[in-house]
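Written out below as structure tokens is the structure these notes cover.
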Amino acid sequence: MTAEHKESAVEAQATATRDIYIPSERASVSGGGRPHVVAKDFSIYYGDFQAVKKVNADILSQYVTAIIGPSGCGKSTFLRAINRMNDLIPSCHTTGMLQFDGEDVYGKLTDEVLLRKKIGMVFQKPNPFPKSIFDNIAYGPRLHGMTDRKQLQAIVEKSLRKAALWDEVSDRLDRNALGLSGGQQQRLCVARTLAVEPEILLLDEPTSALDPKATAKIEDLIQELRGSYTIMIVTHNMQQASRVSDYTMFFYEGELVEYAETAQLFTNPKDRMTEDYITGRFS
Amino acid sequence: MNLGTRKILDNSFTAVGMGSIVVMALALLVVLTPIVYNGVGSVFFTGTIEHRTMLYKEFGRGDAKAIETQTATADRYRAEAYRMLSDFEQEMEGMSLEASRQYRSKYAPVRAAMSSLLGPLPGDPVPMLTRFQYGQTRWEKAEEKLHNILYEKKWDYSDPTVMAKAFDVPRAEEFAGTKLAPLFSYAERHLADMMQPQFTVYWGFFTDRSLDAHIFGGIWPEIQGTFFLAIGAMLFAFPLGVIAAVYFTEYAKEGFFTSILRSANSTLAGVPSIVFGLFGLAFFINTMKVSESKSVLAGALTLAIMILPTIIRAAEEAILSVPKTYKEASLGLGSTKWNTIVTVILPAALPGIITGGIISLGRAAGETAPIIFTAAVSVGSAIGIADVFSSPTPALSWNIYNLASEHEMASEIRHVQYGMVLSLVSIVLLLNLSAILLRAKISQKLKG
């Protein structure tokens, strides 16, 4: 196992600098492909329980990386570790190294607030604040010191447009966001995250609470954002992973079993476990 | 258990539940009906000319002309009664010593009853106390006094096995043949002429100062004192309670110390209020010396300590009921913990926090024991806002007790007691109602 995933890590690193795998219908991202997040022997514990076991991987900038695996395999835990959302759980601690842009995420001097500004997150269930649509989007910019109404309006419009929601809500920005449909709420959450101009977008099963139509819209949105942001998406839906991602990580019982270009992982998995999972022999 | 038994059990449980609700509703009705009926009587009643004169002289309100004409009419009828009294007094002068002594002792209660009905009689010196300067201000009281004039109450002790029974002896018989005899039928016939009853709406009951220990006037000092104390208590307890709740829910690490704090808080909620009263006296007044003696400040602080546990509990529940996702969303956007609490968690928890606060406000307004030793006085005028640091105040809760049990003329001012009870119940109900409305409004806003 160790040998294999070392191999895949090496491979990923190699592809990062040289020729990147390009899924047939997708274009290469210019300027992308540098290691944005780097995990070295990175483990996460809940108390004594090791939820993520010694992960070694590079996440490439500006590409979409999907994380798949059965329930309880540690994929969400790993995702939430990247912007330190796991800090909310008191018993959670980490070992090893996790770097973002060369900086230690869990370093003593790291400001997790600044970190979360750069690494935005969209959650499983749409979670807009019980405020107006405008205030939801403006929440982040205001937080970081923007008070000018015009500037805020510009940012709100830009973010909503990026999230493909502007046309649907531009006439009711002062309405409560909880009045939107589930899919709209989720896109609002994306727009809210984009409004603070993050470098990385972490999507934690963003479509699991949505109907197929809303799911399609979110997937389109991910395609739109690809190239502008480094995107990591945790998903239970393997079709979704193959549709939206450039790279896929397969986690099983806390271990990163396989990490490869999406097309390769789904068509020609190197590991037996991966094959069993993607062919539906267990879940 | 088969289907039949289950159905019977279900139905009988429903019946028991409904029954208990009906019993509670009836009990509420039994308690509230006399309070409302008699309490309303302190504002809407049949007032006599004495009431209008009193209002005009003491509070400077009323139609001077109308009062003058009515007084003139009343005085005309009263003069006849006064004449009968003085005639009889003269008649007694001419009697034998024995007869005069006998009549004199019987005459004294008649004269006292007349004075109580009509105010000071001609020739009497002007009384010192305001309560003796006027006759009966309310018609039903006037009728009661008339009864005292007409009848002598005697007790029947003939049967030693039962309690003595009261029975009325008409005074007219005792004075038969004297010049006082016609007074009784005259008073009975002309009571309305002498008192000039008229339907009165006395809103001043809520806004007037109390006059001569509540025998006349209103209950404004008590209402104001109640507000001062309750709002003062909130000023201390609400911010402290919310801060404590935020600490418990967001900052405190689960451990021995926290669990000690939590159980201390729960214990505090169960301490009898009289203990808080004594604590307030011992701590705030004697030890901390926040004021020389009783003061609104000391009372408000004591009430604050009493309601603090409730507020903490309510705020804690409210904060815990805020979905975790709001917090995650805010932190995920790069918000600090403090900022998340202030801009997301507290606004979302506001309905619950406010409900807890207003219910505590109602409790602070209604409590008696904590203010007995720290803030309340039986009789006093309304105090200014600047005096809250040094002056005690009358307050509804304490004065209801005081008027009903310790007042020297408690039986004469039942209407004031009921009026106070109704005011207090209304204030507390209004506070709770506003809590419900406010909560609904904010929840509506949060839901969108």
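Residue numbers start from 1 in every chain, and the chains themselves are labelled A, B, ... in the order their sequence lines are given, proteins ahead of strands. Owing to the predicted nature of the structure, the values given are computational and were not obtained by experimental measurement.
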Check: Which region of P126(A), side chain (C-beta onward) or backbone (N, CA, C, O), has a non-hydrogen atom less than 4.5 Å from a non-hydrogen atom of chain B, or is it both or neither?
Finding: neither
Next item on the list: List the steps, then state whether side-chain contact (heavy atoms from CB on, under 4.5 Å) holds for E328(B) with R80(A).
Entry: CA-CA 11 Å; E328(B) 282 182 340; R80(A) 294 164 72 94; 2.6 Å; yes
Next item on the list: Could you grab the distance from atom CD1 of I345(B) to atom CZ of F129(A), nearest 0.5 Å is fine?
Entry: 9.5 Å
Check: Can you tell me how far NZ of K117(A) sits from OG of S335(B), rounded to the nearest 0.5 angstrom?
Finding: 12.5 Å
Item checked: Pair L88(A)-K327(B), side-chain contact (heavy atoms from CB on, under 4.5 Å): steps then yes or no -> CA-CA 10 Å; L88(A) 294 182; K327(B) 191 172 161 187; 4.2 Å; yes
Item checked: Atom group of L202(A) that falls short of 4.5 Å from chain B, counting heavy atoms -> neither
Margin query: A side-chain contact here means heavy atoms from C-beta on lying under 4.5 Å apart; do E112(A) and L331(B) qualify?
Written below: no
Check: Taking the side chain from N83(A) and the backbone from G332(B), do they hold a donor-acceptor pair closer than 3.5 Å?
Finding: no
Checklist line | L333(B) and R192(A): CA distance, side-chain angles, deciding distance, side-chain contact (heavy atoms from CB on, under 4.5 Å) verdict | finding: CA-CA 8 Å; L333(B) 289 170; R192(A) 182 175 64 185; 3.6 Å; yes
Next item on the list: Heavy atoms only: give me the nearest A329(B)-N127(A) pair and the separation to one decimal.
Entry: CB-ND2, 3.3 Å
Next item on the list: Below 4.5 Å from any heavy atom of chain A, which atoms of K253(B) appear? Answer side chain, backbone, both or neither.
Entry: neither
Next item on the list: Sort V196(A) into side chain, backbone, both or neither according to what part of it lies under 4.5 angstrom from a heavy atom of chain B.
Entry: side chain
Check: Are the side chains of P130(A) and Y326(B) in touch, meaning some heavy atoms are under 4.5 Å apart?
Finding: yes
Checklist line | Minimum-distance pair of heavy atoms, taken over all atoms of K131(A) and T343(B) | finding: NZ-O, 3.0 Å
